[in-house]
K.L.:
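One structure follows; several queries about it will come next.
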Amino acid sequence: MHKPSWKALLVGSIPFLAMCFSIALWDRVYPFVLGLPFSIFWIVAWIILTPVCMSVAYRIETAHVAARERGKEGEAQHA
Amino acid sequence: MHDSAIALSVIFGIVLISSAVGMYAGTRHKMNLEQWTVAGRGFGAVLVWLLMAGEVYTTFSFLGASGWAYSRGGPTLYIMAYLTLAYVVSFYFLPQIWEIGKKFGMQTQSDFFRQRYGSKNLAAFVSLIGVVFIIPYLQLQLTGLGIIVEVSSFGGISRVTAMLVAFALVAAFVFASGVRAVAWISVIKDFLMLFAAFFIGIGLPYMYFGGIGKMFTALVNAKPTHLMLPGTTTVMGHSWYISTVLLTSLGFYMWPHLFSAAFTAKSDNTLRRNAVIMPLYTITMPLIFFVGFTAILVVPGLAKGDLALLTIVRQSYPAWFLGIIGAAGALTAMVPAAILILAAATLFAKNFYREMISPAMTDDQVAKLARALVIVITLIALYFAIYSSTTLVNLLLLGYAGVTQFLPGVVFGLYWGRVTKAGVFTGLVTGIALVAYLVLSKQDPFMGFNAGFIALCVNFVLAVIVSLMTRAEANRFQQDPVSTARVKESA
């Protein structure tokens with residue numbers, strides 16, 4: 001079984017910073033953006049940006065898994 | 001035709017067609033335990049996506065979320081945040097759970113604990129706790145469905161009749177086709193839900209205010225603090241928000257039915273891809289909130305916020321449209337209910353009854369028992385929904401915080417070789433006891449933090465300390481499946 005890579009975990013922590021820990025920074029009504037109060041705009045924006053972050057994590061993770069598999073095969077051949 | 005008759009025929013037509021699709025979904029497959037519970041591990045990305053979206057967006061998303069927006073305001077933001085972040089979290093352990101599940105042929109969450117910790121008592125305990133929290137969740141779906149159908153048929157069908165009819169259908173398609181039925185009905189449900197959310201989420205603010213921006217301007221002018229935390233509450237501030245989002249996003253996939261949905265996937269990468277695109281489904285939630293916010297100014301003073309969405313839709317749209325909303329709402333209850341029933345039945349039959357009472361049962365006998373239990377569990381939930389009991393309401397408050405206490409056992413089970421069953425057991429029991437105490441004695445939030453989150457922290461710390469104090473155990477995930485089967489026989 002593969003543990004997730006640190007790099008992928010790091011990328012996944014970005015949406016957590018943006019939508020969870022930083023609430024004190026964006027819990028406000030003004031300015032309105034695109035007709036939405038700021039906090040709601042911020043959350044909606046991150047609903048859309050999160051898949052973007054995660055597709056980066058996906059690339060890192062699949063490359064990581066592929067590298068591990070190659071490593072395993074290599075070991076098996078040497079043995 | 002009379003309004004009530006129109007709405008009723010639309011609701012009944014859609015629900016009946018969906019149930020027929022569900023019944024049909026399993027007919028091409030022989031329904032053994034593996035097919036019935038995890039669809040033979042054959043779902044690609046699209047079906048896994050539909051299944052999970054189908055399970056996740058329950059009557060709470062429909063009535064509860066708009067109700068929170070209506071009555072509490074700002075704190076409701078947590079729902080959009082945790083639904084998005086739960087998928088982020090899933091990226092880092094669902095593929096691993098799938099891999100282990102495939103290796104050992106797991107079908108339930110308890111199977112995971114059974115294999116990793118080699119303790120049938122721990123596994124049986126986990127399955128019982130799971131079932132105990134599933135029943136009130138199921139009852140909530142039933143009650144929600146009753147309200148939706150009663151209101152949207154203009155009182156043409158009573159609450160109880162609606163619940164009886166809908167749940168007879170649910171029991172029938174779960175019995176016949178298992179998890180395949182749930183996935184295929186989700187196709188119809190998701191489509192209707194999307195349509196409904198876009199139509200009313202954008203339509204209602206336009207109808208009453210001339211646009212979403214104008215609606216918000218009017219709302220902020222009338223109630224300047226409604227949209228900021230703690231909204232209309234006094235206790236739901238920033239520390240509550242952070243601890244609640246953490247608890248619910250980390251604990252999301254600890255629900256037994258969501259956990260075992262991972263086993264239906266074809267490969268671990270299916271689940272990774274799924275985790276990437278799932279957050280996009282959350283985009284329907286802001287639209288549901290817009291309805292709740294619009295309702296504040298249009299239909300003020302409702303005693304029950306949960307009725308805000310239906311009340312404003314009923315007074316704004318023609319009967320046939322109300323029928324569609326009613327049908328979407330009914331399916332939003334039926335799909336999650338179906339998977340909850342399936343998960344509870346399998347957990348009880350396989351991980352409690354077989355483990356503790358009748359170890360000689362074959363998989364086929366377990367499958368038969370589980371299918372019989374579908375009917376029993378449906379009847380229990382119906383009984384509670386009709387003669388609604390307050391104990392059950394309390395259990396529901398505990399649900400999320402309760403199941404999240406499985407997290408240390410799962411995460412350490414996957415990633416920490418030194419964890420022991422004593423550690424996991426101690427943490428789990430203490431976590432559940434603590435959360436039960438805090439919630440039932442009305443001390444949630446506790447000092448500004450979500451009580452479940454505090455219990456989870458205690459649970460994690462205890463699991464670490466007790467594990468380090470007890471003797472190291474073998475990681476049974478590293479054994480090969482054949483040898484463990486032999487050990488089981490000789491024991």
Side-chain angles (χ1 to χ4, degrees), chain A residues 1-69 72, chain B residues 74 77-85 87-89 91-93 95-97 99-100 103 205 211-217 219-220 224-229 237-239 241-246 249 268-269 272-273 275-283 285-286 289-290 293 414-415 477-478:
Chain A
M1 194 193 55
H2 310 285
K3 285 188 185 180
S5 66
W6 281 109
K7 270 190 207 158
L9 270 167
L10 215 60
V11 177
S13 67
I14 296 171
F16 266 91
L17 284 176
M19 295 182 94
C20 178
F21 297 108
S22 58
I23 172 128
L25 303 175
W26 47 264
D27 177 25
R28 58 182 74 218
V29 171
Y30 298 107
F32 272 46
V33 184
L34 303 171
L36 300 175
F38 192 76
S39 57
I40 294 178
F41 159 76
W42 181 262
I43 289 264
V44 172
W46 277 96
I47 291 175
I48 296 161
L49 288 173
T50 299
V52 177
C53 283
M54 293 318 288
S55 60
V56 174
Y58 179 83
R59 286 207 187 151
I60 296 172
E61 192 62 15
T62 42
H64 174 74
V65 170
R68 282 269 205 106
E69 305 262 284
K72 249 191 221 161
Chain B
L77 290 176
Y78 105 86
I79 297 172
M80 289 186 273
Y82 98 81
L83 276 176
T84 310
L85 294 173
Y87 306 123
V88 173
V89 175
F91 185 89
Y92 302 99
F93 63 62
Q96 282 76 8
I97 288 173
E99 205 180 323
I100 297 285
K103 183 173 168 190
I212 292 169
K214 287 182 184 152
M215 179 273 288
F216 275 118
T217 311
L219 178 62
V220 170
T225 58
H226 190 80
L227 292 173
M228 297 200 305
L229 273 73
H238 290 167
S239 59
Y241 175 91
I242 293 173
S243 55
T244 304
V245 170
L246 282 176
S249 61
D268 50 351
N269 256 342
R272 285 198 189 92
R273 266 198 295 272
V276 173
I277 54 171
M278 273 298 270
L280 284 177
Y281 202 96
T282 315
I283 211 72
M285 292 308 294
F289 289 130
F290 294 168
F293 291 135
L414 287 172
Y415 299 127
F477 283 164
Q478 282 163 3

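Everything numeric in this text was worked out from a predicted model, so none of it was measured. Computation of the quantities below employed the complete heavy-atom set of this structure, encompassing side-chain atoms and omitting hydrogens, waters and symmetry-equivalent molecules. We name chains A, B, ... by the order of the sequence lines, and we start the count at 1 in each one.
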K.L.:
Distance-only criterion, 3.5 Å: show the donor-acceptor pairs between side-chain atoms of residues 34-47 of chain A and protein atoms not counting sequence neighbours.
P.N.:
unit_1   : atom_1 : unit_2   : atom_2 : d
Trp42(A) : NE1    : Ala18(A) : O      : 2.9

K.L.:
Would you say that more than 12 heavy atoms from the other residues, nucleotides or ligands in this model lie under 6.0 Å from the NZ of Lys103(B), or not?
P.N.:
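Check passes, neighbour count above 12.
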
K.L.:
Is there a side-chain contact between Phe91(B) and Glu61(A) (heavy atoms, below 4.5 Å)?
P.N.:
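Of all side-chain heavy-atom pairs linking Glu61(A) with Phe91(B), at least one is under 4.5 Å.
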
K.L.:
Which answer fits Pro224(B), side chain, backbone, both or neither, if we ask what part of it has an atom under 4.5 Å from a heavy atom of chain A?
P.N.:
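Just the backbone, heavy atoms under 4.5 Å.
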
K.L.:
As an exercise, state the distance from CG of Leu246(B) to CZ of Phe21(A), rounded to the nearest 0.5 Å.
P.N.:
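Atom-to-atom, Leu246(B):CG and Phe21(A):CZ are 4.5 Å apart.
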
K.L.:
Measure the CZ-CD1 distance between Phe16(A) and Ile242(B) for me, rounded to the nearest 0.5 Å.
P.N.:
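Rounded to the nearest 0.5 Å, the CZ-CD1 separation comes to 12.0 Å.
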
K.L.:
Let's test your reading of the structure: which of Asn269(B), Ile277(B), Leu280(B) forms the most heavy-atom pairs below 4.5 Å with chain A?
P.N.:
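Counting heavy-atom pairs under 4.5 Å, the top option is Asn269(B).
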
K.L.:
Between Val65(A), Thr62(A), Leu9(A), which residue shows the highest count of heavy-atom pairs closer than 4.5 Å to chain B?
P.N.:
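Of the options given, most contacts go to Leu9(A).
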
K.L.:
If you look at every heavy atom in Val88(B) and Gly12(A), which pair is closest and at what distance?
P.N.:
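It is CG1-O, 3.5 Å.
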
K.L.:
Relative to chain A, which segment of Tyr415(B) carries a heavy atom at a distance below 4.5 Å: side chain, backbone, both, or neither?
P.N.:
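Backbone plus side chain of Tyr415(B), per the 4.5 Å heavy-atom cut-off to chain A.
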
K.L.:
Contact part of Leu219(B) toward chain A, heavy-atom cut-off under 4.5 Å: side chain, backbone, both or neither?
P.N.:
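When you check distances to chain A, no heavy atom of Leu219(B) falls under 4.5 Å.
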
K.L.:
Select one option (side chain, backbone, both, neither) describing which atoms of Gln96(B) are under 4.5 Å from chain A's heavy atoms.
P.N.:
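Both parts, heavy atoms under 4.5 Å.
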
K.L.:
Check whether Pro279(B) gets within reach of chain A through its side chain, its backbone, both or neither, counting any heavy atom under 4.5 Å.
P.N.:
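It is both, since atoms from each part get that close.
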
K.L.:
Does Val29(A) reach the side chain of Phe216(B), with side-chain heavy atoms less than 4.5 Å apart?
P.N.:
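Val29(A) does not reach Phe216(B) side chain to side chain.
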
K.L.:
So, taking the atom named CE in Met54(A) and the one named CE in Met278(B), what distance separates them when rounded to the nearest 0.5 Å?
P.N.:
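It comes to 13.0 Å.
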
K.L.:
Give, as side chain, backbone, both or neither, the part of Phe290(B) having an atom under 4.5 angstrom from any heavy atom of chain A.
P.N.:
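Only the side chain of Phe290(B) comes within 4.5 Å of chain A.
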
K.L.:
Is a donor on one side and an acceptor on the other found under 3.5 Å between the side chain of Tyr241(B) and the backbone of Ala24(A)?
P.N.:
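No: the side chain of Tyr241(B) does not pair with the backbone of Ala24(A).
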
K.L.:
Side chain, backbone, both or neither: which part of Thr217(B) has a heavy atom under 4.5 Å from chain A?
P.N.:
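Its backbone and side chain both get close to chain A.
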
K.L.:
Can you tell me which portion of Val220(B) sits under 4.5 Å from chain A's heavy atoms? Options are side chain, backbone, both or neither.
P.N.:
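Just the side chain, heavy atoms under 4.5 Å.
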
K.L.:
Given side chains that start at C-beta, do those of Leu85(B) and Cys20(A) come closer than 4.5 Å, heavy atoms only?
P.N.:
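Yes. Closest side-chain heavy atoms under 4.5 Å.
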
K.L.:
Using heavy-atom distances under 4.5 Å, tell me whether Ser22(A) contacts chain B through its side chain, its backbone, both, or neither.
P.N.:
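Neither part; nothing is under 4.5 Å.
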
K.L.:
Side-chain contact, heavy-atom cut-off 4.5 Å: Val245(B) with Met19(A)?
P.N.:
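Side-chain contact under 4.5 Å: no.
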
K.L.:
Just how far is it from atom CE of Met228(B) to atom CG of Asp27(A), taken to the nearest 0.5 Å?
P.N.:
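If we round to the nearest 0.5 Å, Met228(B):CE and Asp27(A):CG are 6.0 Å apart.
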
K.L.:
Quick one: does Ser55(A)'s side chain get under 4.5 Å of Val276(B)'s, heavy atoms only?
P.N.:
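When only atoms from C-beta onward are counted, Val276(B) and Ser55(A) do touch, with a gap below 4.5 Å.
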
K.L.:
Is any side-chain heavy atom of Thr50(A) closer than 4.5 Å to a side-chain heavy atom of Tyr87(B)?
P.N.:
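Side-chain contact under 4.5 Å: no.
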
